[in-house]
Amino acid sequence: VYIMAATNRREILDPAITRPGRLETILYVGLPENQDRVAILNALTKKKTRPDFASDVSFEKLSENCEGYSGADLRALVTKASEMAFSESILKSSCDLKVNMKHFTHAMTSMRQSVEGKEKKRYEKMRQKIMVNESQNQVQVQVDQSNESKVESDDEEMIEKSDDVEMTEKSM
């Protein structure tokens, strides 16, 4: 059984919850890269089947314009563009309900990213701190493994010496 938790505010977590044996492994998951945003958009829209999209919609182009958007931001963008397409079809009394690239463009101007400015800097500091802690943990693991190897080799030497002493005593 694995238990996972997510937070944007790691600094306010009680240290008791992050000690070994509890939620000890910390992974930093940053904002999605370009190809990740394309994959998220495809997942959110079931590969452009919900809602219906016009042929001019390109998730690759859209993704390039969505630098810094989180998965939740992308969901909000799809929802907003869909609402705009729906409103437009009602105003035109049309049954042609397809989301066009213009709906996405307009939706992007009416909403903003959830992670900007100070938040991005705070996340970057958090990422660097986690990376430093992770590298320190790796060094500690290497030291521990080295110490274990040394202890094992020392134990083997002691066994060999005791065998030599026994052989010497028997030969006398």
>> Side chains of Asn65 and Phe104, heavy atoms from C-beta outward: is any pair under 4.5 Å?
In response: no
> Are Leu44 and Met111 joined in one hydrophobic group, where the rule is that I, L, V, M, F, W and Y side chains link up if heavy atoms are under 4.5 Å apart?
Replying inline: yes
> Any salt bridge between Arg122 and Glu11, counting N to O under 4.0 Å?
Replying inline: yes
> So, do Arg75 and Ser70 sit near enough that their side-chain heavy atoms are less than 4.5 Å apart?
Replying inline: no
>> Side chains of Lys121 and Glu116, heavy atoms from C-beta outward: is any pair under 4.5 Å?
In response: no
>> Measuring from atom CD1 of Ile40 to atom OH of Tyr69, what distance do you get when rounded to the nearest 0.5 angstrom?
In response: 13.5 Å
>> Can you list everything that forms a side chain to side chain donor-acceptor pair (under 3.5 Å) with Asn100? Sequence neighbours excluded, please.
In response: none
>> On a heavy-atom basis, which atom in Met101 and which in Ser58 lie closest, and how many Å separate them?
In response: CE-O, 3.8 Å
Just distance, no hydrogens or angles: give the donor-acceptor pairs under 3.5 Å from side chains in residues 16-27, sequence neighbours left out.
unit_1 : atom_1 : unit_2 : atom_2 : d
Thr18  : OG1    : Pro15  : O      : 3.1
Arg22  : NH1    : Ala16  : O      : 3.1
Glu24  : OE1    : Gly21  : N      : 2.5

>> Using a 4.5 Å cut-off between side-chain heavy atoms of Ile, Leu, Val, Met, Phe, Trp and Tyr, which other residues end up in the same hydrophobic cluster as Phe86?
In response: Ile90, Leu97
>> Restricting to side chain to side chain contact (heavy atoms under 4.5 Å, CB included), what partner residues turn up for Lys92, sequence neighbours left out?
In response: Glu88, Ser94
> Got a second to check how far Gln113's CD is from Leu74's CG, nearest 0.5 Å?
Replying inline: 10.0 Å
>> Using the rule that Ile, Leu, Val, Met, Phe, Trp and Tyr join whenever any side-chain heavy atoms are under 4.5 Å apart, tell me whether Met126 and Leu13 fall into a single cluster.
In response: no
>> With a 4.5 Å cut-off on side-chain heavy atoms, are Met84 and Ser110 touching?
In response: yes
> Has Arg112 got more than 12 heavy atoms of other residues, nucleotides or ligands less than 6.0 Å from its CZ?
Replying inline: no
> Roughly how far, to the nearest 0.5 Å, is the NE2 atom of His106 from the NZ atom of Lys80?
Replying inline: 7.5 Å
>> Before you tell me yes or no, could you show the steps for Val78 and Val99 under side chain to side chain contact (heavy atoms under 4.5 Å, CB included), namely the whole-Å CA-CA distance, both residues' side-chain angles and the distance that decides it to 0.1 Å?
In response: CA-CA 9 Å; Val78 169; Val99 181; over 6 Å; no
Donor-acceptor list for residues 47-55 side chains, cut-off 3.5 Å, not counting sequence neighbours:
unit_1 : atom_1 : unit_2 : atom_2 : d
Lys48  : NZ     : Val57  : O      : 2.7
Thr49  : OG1    : Lys46  : O      : 2.6

> Got a second to check how far Arg37's CZ is from Leu31's CG, nearest 0.5 Å?
Replying inline: 8.5 Å
> Nearest heavy-atom pair of Gly68 and Asp73: which atoms, and what distance?
Replying inline: O-OD2, 4.2 Å
> Who are the side chain to side chain donor-acceptor pair (under 3.5 Å) partners of Glu124, not counting sequence neighbours?
Replying inline: Arg127, Gln128
> When rounded to the nearest 0.5 angstrom, what distance separates CG in Leu41 from SG in Cys66?
Replying inline: 6.5 Å
